[in-house]
Amino acid sequence: MTHLNESSESAPRDEYMHGHHESVLRSHTWRTVANSAAYLIPELRGGGVLLDVGCGPGTITVDLARRLAPGRVVGIDASRDIVDRAAGLAADDGVHNVSFQVGDVYALDFADATFDFVHAHQVLQHLAKPIAAMEEIRRVLRPGGVFAARDVDYGGVIIAPSSGGLADWIRVYREVHYWNGGDPDAGRSLKAWARGAGFTDVRSSASIWCFASDAEREWWGESWAVRVTESSFAAHAIESGVADLADLQRMAAAWREWVRDPNGWFGMPHGEVLAHA
């Protein structure tokens, strides 16, 4: 794989590998600006206009809207059901300076130079053409605007204690991710992709999610125990020939064994970029 991930740029598929099973949404709704976009906080200023690409169920988006008030935030996602769910969250929380709509990151339905900020969390890793997406993002940014992106790097994931079932999980995860046209190691490539898309002022950083307490292991491990057998990830693993149902069931059992182990520890590193238009 080259530094600009040319293999992903030419991939025939471009599909979100997890789908929107409840086990997936359970992990997404945990996300906030503090735990998933802290690197962006110093850049935020009240009154700005922000686009959140791949907003999912909207927890980060609504949090951003609170921080940018009286500014305006727009969240887009490819799924109508998820957009409706995000809009419901904003209404329930009484946040009125945010709206949600179905959108395509490759063809954003906004005029040039519309936004002061564009934010993308855990999005670019799933795209077959991340540089093309970044070029479209740069188009809708105002001069001096900020593009903020954060993506996991599965090449650096650490699981302790190790087990055969969890080693199989990370291998299968990576292969399914590539099969879907994405890049499981996207975090390390964000800087190069941003430069390839024409951003010249690019600042990079990194942060980690860590799940180790009893409550964290229960939440994260049980989510994945369900996801490996019931979500779109399971269907994609079987369809691609990477794993069969028995393999996936062994992975689910390994996740539950990890949850029960008081020594269990999971570290997930992320790459981050702040790129100025």
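Numbers here are sequence positions counted from 1.
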For this session: Compare all side-chain heavy atoms of Val98 with those of Leu68 and state whether any distance is below 4.5 angstrom.
Result: no

Seminar exercise, completed: On a heavy-atom basis, the closest approach of Gly71 and Asn97 is O-ND2, 2.8 Å

Exercise. Are Asp84 and Arg80 within salt-bridge range, i.e. N to O under 4.0 Å?
Worked result: yes

For this session: State yes or no: do Trp265 and Trp258 share one hydrophobic cluster built from I, L, V, M, F, W and Y residues joined by side-chain heavy-atom distances below 4.5 Å, directly or via other members?
Result: no

Problem set entry | Residue that, paired with His276, satisfies side chain to side chain contact (heavy atoms under 4.5 Å, CB included) out of Val202, Thr200, Val146, Leu141 | Val146

Problem set entry | Arg260 and Glu257 ion-paired at < 4.0 Å | no

Problem set entry | Heavy atoms from other residues, nucleotides or ligands near CZ of Arg142 exceed 12 (cutoff 6.0 Å) | yes

For this session: Identify the residue among Trp219, Trp30, Phe266 that makes a ring pair (Phe, Tyr, Trp, His ring centres under 6.0 Å) with Trp209.
Result: Trp30

Seminar exercise, completed: Tested for ring pair (Phe, Tyr, Trp, His ring centres under 6.0 Å) against Tyr173, the lone hit among Trp179, Tyr178, Tyr154 is Tyr154

Exercise. Does any non-hydrogen side-chain atom of Leu108 lie less than 4.5 Å from one of Val118?
Worked result: no

Problem set entry | Atom CD of Glu43: over 12 foreign heavy atoms under 6.0 Å | yes

Exercise. In this structure, are over 12 heavy atoms from other groups packed under 6.0 Å from Arg195 atom CZ?
Worked result: no

